[in-house]
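Reckoned from all heavy atoms, side chains included, excluding hydrogens, waters and symmetry mates. Just so it is clear, the model here is predicted, and its values are computed rather than measured.
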Amino acid sequence: MTSVASRPAPVGRGELIARLERVLHTRGRALLTGPAGVGKTEIALAVASGAESLGETVLWLPALPADREIPGAAAAALVASIATSMAWPSPGASGSSPALDVLEGLPGPQRSALAMLCREAPVPDDGWDPVALRLALARVLQTLTSRGPVLLVVDGVHCIDSDSADLLRFALHLAPAALRVIALETPAAFAADVRAAPGSGPEPLWVPSEADVLSVPPLQADEIAELLFHHRLPSRMAGRIHKASGGNPRLALAVGRSLADARTPVHHAEALSLSGRARDLARQLLGVVSPEARSTLLLAALALRPSTSLIRRAGRPTAEADLAAAERAHLISLTEDGTVAFTAGVLASTLVHDACWTARSSGHAALARVVDDPVAAVRHRALATDVPDESLAAQVAAAADTARRRGNSALAAELALLAAESTPVEQGARRISRLADAAEEAARAARADLAVRAAGDLLARDAEPRDRVRARLAVLDTAGQGLGDLDEIYVHAMEDSEGDTAMRAAVQLRLAVKYVLADGDPVRSRGAAVESAVLAGSVGDRTTAAKALTVQARMDRVLGSPESERVLARARALELAERPQGIRNAAQILTIRHALFDDRLTDARDQLNALLPLVERRGPVEDAIELFRTLAEVEARQGPCAAAIPHAGRSLALTLEAGLSPGPAWYALALAETAGGSFARAASYARRSVQASDEEGDHVFLSRSLYALGRVQLVTGDVAGALETLRRVQAGERAQSTVDPSMLRWHEELAEALLANDVLEEAADLITEVRPVARHLGRTTVLLGCDRAYALYLAASGRSDEAAELLMRVAEQFAEAGLPLEHGRALIALARVERRRRRRSAAQSALQAAAGAFERVGATPWLALATETLSGAAEPAPATGTARGGGALSTLTDAELRLAGLVGQGASNQEAAAKLYLSVKTVEARLTRIYQKLDVRSRAQLATALNSWPGSRPPAAVPDGPPPG
């Protein structure tokens with residue numbers, strides 16, 4: 001039996017694997033087909049692992065390209081694999097075995113034919129007996145399947161020699177239903193190692209139909225991000241890696257590793273020329289077509305909007321045939337109007353990279369003569385020459401302006417840099433000015449690679465300080481969340497801005513952002529923002545002043561200053577006067593987020609819905625990302641919860657397309673899934689956000705994503721994991737001097753995690769600490785969250801009557817505040833307390849009300865939680881016992897009852913710790929308290945006390961509802 005290690009499903013392939021298993025169950029045969037590297041083998045391995053776990057025999061038959069030239073190679077390998085699985089003895093071995101009986105049962109000609117196939121006997125000049133060999137292989141497979149189900153995986157059907165294909169076809173035709181087969185095929189058009197091989201192509205092992213042929217598609221951008229996450233590769237670049245790889249997993253990992261191995265700062269990664277394995281894989285894929293077709297593809301790679309007719313007019317009369325061959329090889333896709341698109345960006349870049357200057361120049365010159373767009377024509381003319389020319393440079397600069405007016409910011413950035421690079425060196429001042437313009441154009445287009453190129457060229461020249469500052473600020477503005485390794489740029493920008501008030505204000509504004517994101521220091525951030533606002537105001541720069549005041553207002557809120565709203569109003573007034581382009585990091589969006597923090601959710605939603613159409617039509621992509629993410633957060637808190645998921649997904653799609661860090665969008669998806677999707681998916685997105693934010697050194701979203709993860713861990717029962725995660729949030733927020741508890745509501749979650757882990761006094765201290773701050777700042781719903789946690793503290797302290805009364809008030813007030821999820825959570829907590837008071841009917845009523853609240857807003861995972869708990873609440877309540885320890889059982893907390901039940905049933909401290917997600921030390925401390933409460937001194941006495949509990953089962957087995965949360 002071939003051993004296949006147990007493995008999780010490959011990223012993004014869950015549905016395909018389920019479909020594959022259905023096909024195997026109904027038809028017994030399945031053909032997986034797709035380009036090399038798309039993940040066929042990983043899918044088959046996952047299915048084989050599942051089959052092996054069910055006790056099935058798994059035969060894995062890998063075929064190599066060289067096998068096509070060796071008659072019978074694949075069939076001999078299959079026989080050897082069967083022999084291994086059946087413990088087939090070597091020739092001449094003594095003794096008997098079932099396998100030997102199988103051989104003994106074969107007629108002599110069949111045994112001889114198998115021996116010849118496996119080269120254990122000489123092959124006569126006229127070859128082996130094909131009939132005997134067919135029958136022998138069929139009978140061996142029949143015997144093997146008589147022992148139980150068998151899964152045969154043929155990895156590389158396209159490499160099987162014709163003799164083996166004939167033998168396998170016959171054997172599989174006669175094989176019983178207990179033999180299921182997966183064949184993995186890379187069509188000849190997709191595989192460079194098959195193109196020159198003898199034969200016309202892969203020989204099928206059966207006549208396939210649409211029902212049993214499964215094409216393996218490329219991964220989506222979010223799936224590529226998850227793939228990178230699992231391989232511990234930088235996920236910031238997921239969008240660009242998806243474009244470069246076309247969703248091919250092998251190619252994506254090669255691209256990701258080439259970026260990671262270069263150890264380039266993440267904001268420079270877009271500028272890195274791919275090399276190593278990524279280029280080699282691209283060359284292998286391109287090798288399936290002829291050199292003539294690759295020349296045609298080079299023209300397509302050079303063109304802005306390639307099409308069949310354009311390439312034909314540019315001097316490739318065989319364009320149709322060449323491009324059709326490339327499409328069959330999955331290198332490009334062709335639309336009905338002849339538009340050409342490469343399936344993977346690295347294919348186009350490799351064609352250009354490997355072409356000599358002469359070939360590239362000739363291609364651009366040919367395209368310049370036939371394109372009908374003047375902007376594209378100017379671009380090709382400039383790229384066709386390496387001689388700077390001022391007349392040409394001026395035309396390219398004008399083309400950049402045209403592209404900007406058309407809304408094509410990426411092309412405008414490329415042309416702006418090309419204009420600068422086309423400017424003669426002797427016109428130094430003009431070249432420097434154009435380089436500064438190009439850097440800023442690249443920043444507007446979020447093209448870090450172009451910004452770095454322009455800045456690098458400018459800083460190598462004798463530029464004025466103001467131009468050097470402009471270039472450096474452009475690089476900073478394309479760094480996204482990753483500002484941690486740019487200290488040198490800030491230092492030089494400060495030096496160059498000396499004596500230039502406007503530039504100094506702009507530098508201070510960037511420092512304000514850096515201090516909070518990369519350094520986690522809102523105090524310094526506020527100071528830099530205040531200075532920036534003052535400087536900008538002194539020179540009449542109201543745009544910069546408004547941005548600086550917005551940062552100041554944000555930091556005032558973080559630090560708990562009552563001045564936050566007044567400062568924000570000043571920023572808003574300046575924005576209304578200036579009407580700046582874009583709203584990201586503007587006072588307008590901060591006003592909406594303040595409404596979100598204050599739970600004025602209807603107001604926040606109305607403002608977002610008013611802005612979205614405008615931003616989607618003509619706003620920068622960062623604005624749309626910010627709005628969709630904020631809208632998802634609003635809906636995840638207020639409902640409709642299901643609508644939060646597509647909005648968060650839209651934010652992620654735009655983020656990946658723009659090549660920005662996915663950390664914030666993954667955080668939004670974690671919140672959305674927690675509210676209306678799946679707790680498991682929520683935890684997955686939260687973990688990805690943690691890694692991405694950590695990669696970026698983004699303190700703000702690291703805390704947020706840890707909060708999202710800890711919250712899910714808490715409600716799903718991983719109370720030890722929740723405590724560890726939420727303590728990290730506490731440490732991070734305190735290190736950042738965060739005062740306002742409404743911006744990230746970790747206090748109540750941490751308090752409940754502490755209570756779930758029996759750290760009662762620390763939970764009480766935390767609640768006591770946050771309450772006066774929330775009261776002083778007027779954070780009403782924060783106080784309600786504290787009350788819910790305090791009620792659980794009362795219940796854990798044996799004051800269940802007070803706890804129930806408080807929870808009823810809290811649930812009512814959450815409902816009045818328009819917070820259905822919080823209303824439902826309070827009702828679930830109330831049900832737990834009511835059950836402790838032996839009031840099962842009241843507990844059931846509370847859970848029914850919670851389920852109704854969740855159902856009304858589409859809070860799917862919470863509804864499932866309440867429904868599961870509801871079935872447990874309906875069971876009879878145990879009465880108070882009278883034997884020793886029985887009456888005292890009612891003094892135990894839920895957590896203590898769970899532990900007592902496990903230990904009373906014989907679990908060791910280590911086993912109980914593992915089941916309850918606790919440390920052994922916590923178990924020992926908790927057992928000590930249990931012994932004291934029950935007045936017992938041993939495990940035997942504890943078991944006796946539990947057995948004295950009247951009712952149908954011991955207390956640890958009675959469902960006690962969800963964990964706190």
Task: Audit row: Asp740, Ser564, side-chain contact (heavy atoms from CB on, under 4.5 Å) steps and yes/no - done: CA-CA 11 Å; Asp740 193 319; Ser564 175; over 6 Å; no

Task: Asp787 and Arg771: CA distance, side-chain angles, deciding distance, salt bridge (Lys or Arg N to Asp or Glu O under 4.0 Å) verdict - done: CA-CA 9 Å; Asp787 285 345; Arg771 265 183 170 159; 2.5 Å; yes

Task: Verdict with reasoning, Asp718 to Thr716, per side chain to side chain donor-acceptor pair (under 3.5 Å) - done: CA-CA 6 Å; Asp718 182 6; Thr716 54; over 6 Å; no

Task: Stepwise salt bridge (Lys or Arg N to Asp or Glu O under 4.0 Å) test for Glu769 and Arg734 - done: CA-CA 13 Å; Glu769 173 189 324; Arg734 287 182 172 174; 3.0 Å; yes

Task: Full working for side chain to side chain donor-acceptor pair (under 3.5 Å) between Gln638 and Thr602 - done: CA-CA 8 Å; Gln638 186 185 32; Thr602 301; 3.1 Å; yes

Open item on the list: Could you walk me through whether Ile767 and Asp765 satisfy the side-chain contact (heavy atoms from CB on, under 4.5 Å) test, starting with their C-alpha distance in whole Å, then the side-chain angles of each, then the deciding distance to 0.1 Å, before giving a yes or no?
Closed with: CA-CA 5 Å; Ile767 296 168; Asp765 291 344; over 6 Å; no

Task: side-chain contact (heavy atoms from CB on, under 4.5 Å) between Tyr515 and Met555, intermediate numbers included - done: CA-CA 11 Å; Tyr515 288 147; Met555 295 306 101; over 6 Å; no

Task: Derivation and outcome, side-chain contact (heavy atoms from CB on, under 4.5 Å), residues Gln844 and Gln848 - done: CA-CA 6 Å; Gln844 188 173 12; Gln848 287 173 337; 4.0 Å; yes

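With a 4.5 Å cut-off on side-chain heavy atoms, Val516 and Asp521 do not count as touching. The side-chain heavy atoms of Val715 and Glu749, taken from C-beta on, include no pair separated by under 4.5 Å. Val833 has its side chain within reach of Leu807: a pair of non-hydrogen atoms, C-beta onward, lies under 4.5 Å apart. Within the 4.5 Å cutoff, no side-chain heavy atoms of Pro664 are placed close to those of Thr655. Side-chain atoms of Arg593 and Arg557, non-hydrogen and from C-beta on, never get closer than 4.5 Å to each other. A 4.5 Å side-chain heavy-atom check between Thr860 and Cys641 finds every atom pair outside the cut-off. Here the side chains of Asp222 and Tyr685 are in contact, with some heavy-atom distance below 4.5 Å. The side-chain heavy atoms of Arg711 and Thr674, taken from C-beta on, include a pair separated by under 4.5 Å.
For Arg836 (side chain) and Ala795 (main-chain N/O), a donor-acceptor pair under 3.5 Å exists by modelled atom type. In this structure, the side chain of Thr928 engages the main chain of Glu924 through a donor-acceptor pair within 3.5 Å. Between the side chain of Ser525 and the main chain of Val513, no donor-acceptor pair closer than 3.5 Å is present. Although no hydrogens or angles enter the test, the distance criterion places no donor-acceptor pair under 3.5 Å between the side chain of Ser693 and the main chain of Val690. A donor-acceptor distance shorter than 3.5 angstrom exists from the side chain of Glu673 to the backbone of Ser678, with no hydrogens or angles considered. Ser561 contributes a side-chain N or O that, together with a main-chain N or O of Glu563, makes up a donor-acceptor pair within less than 3.5 Å. Looking only at distances, a side-chain donor or acceptor of Arg779 sits under 3.5 Å from a matching main-chain atom of Leu777. Put simply, the side chain of Arg629 never gets that close to the backbone of Leu669: no donor and acceptor are under 3.5 Å apart. A donor-acceptor pair under 3.5 Å is formed between the side chain of Asn757 and the backbone N or O of Val719. Under the 3.5 Å distance criterion, the side-chain polar atoms of Arg232 are left unmatched by any main-chain donor or acceptor of Phe229.
Between Phe679 and Trp862, the ring planes are perpendicular. Angles over 60° get that label, and only those under 30° would be called parallel.
Heavy-atom minimum distance, Glu696 versus Ser661: OE2-CB, 3.2 Å. For the pair Leu847 and Ala831, the tightest heavy-atom approach, listed with the atom from each and the gap, is CG-CB, 3.4 Å. The heavy-atom pair separating Leu942 from Gly904 by the smallest distance is CD2-N, 4.3 Å. Between Gly639 and Val857, the shortest heavy-atom distance links the atoms CA-CB, 4.2 Å. Here the closest non-hydrogen pair linking Leu590 and Ala553 is CD2-CB, 4.0 Å. Between Leu899 and Ala912, the shortest heavy-atom distance links the atoms CD1-CB, 3.7 Å.
Here the straight-line distance linking atom OG1 of Thr781 with atom CD of Glu816 works out to 13.5 Å at 0.5 Å rounding. How far OG of Ser705 is from CD of Gln691: 10.5 Å, rounded to the nearest 0.5 Å. Summarising the geometry, atom CZ belonging to Arg926 is positioned 3.5 Å from atom CG belonging to Asp758; distances are rounded to the nearest 0.5 Å. A distance of 9.0 Å separates NE2 in His823 from CD in Glu812, rounded to the nearest 0.5 Å. In this structure, CG on Leu706 lies 4.5 Å from CZ on Arg728, to the nearest 0.5 angstrom. Interatomic distance, Leu723 CG to Leu750 CG, rounded to the nearest 0.5 Å: 6.5 Å.
By the 4.0 Å N-to-carboxylate-O rule, Asp801 lies too far from Arg839 to be salt-bridged with it. With respect to the salt-bridge test (charged N to carboxylate O, under 4.0 angstrom), the residues Arg837 and Glu834 qualify. Residues Arg809 and Glu805 are paired through a salt bridge, judged by an N-O separation under 4.0 Å between the basic side chain and the carboxylate.
The neighbour count for Glu855 CD, taken as heavy atoms of other residues, nucleotides or ligands under 6.0 Å away, does not exceed 12. For Gln730, the CD atom is densely surrounded, since the number of other residues' heavy atoms within 6.0 Å is greater than 12. In this structure, His230 places its NE2 atom where more than 12 heavy-atom neighbours from other residues, nucleotides or ligands lie under 6.0 Å away.
Side-chain atoms of Arg704 and Ser689 form no donor-acceptor pair, as typed in the model, at a separation below 3.5 Å. Gln736 and His699 share no donor-acceptor pair across their side chains, judged by distance under 3.5 Å alone.
Taking the ring axis of Phe814 as reference, the NZ or CZ atom of Arg825 does not stay both within 45° of it and closer than 6.0 Å to the ring centre.
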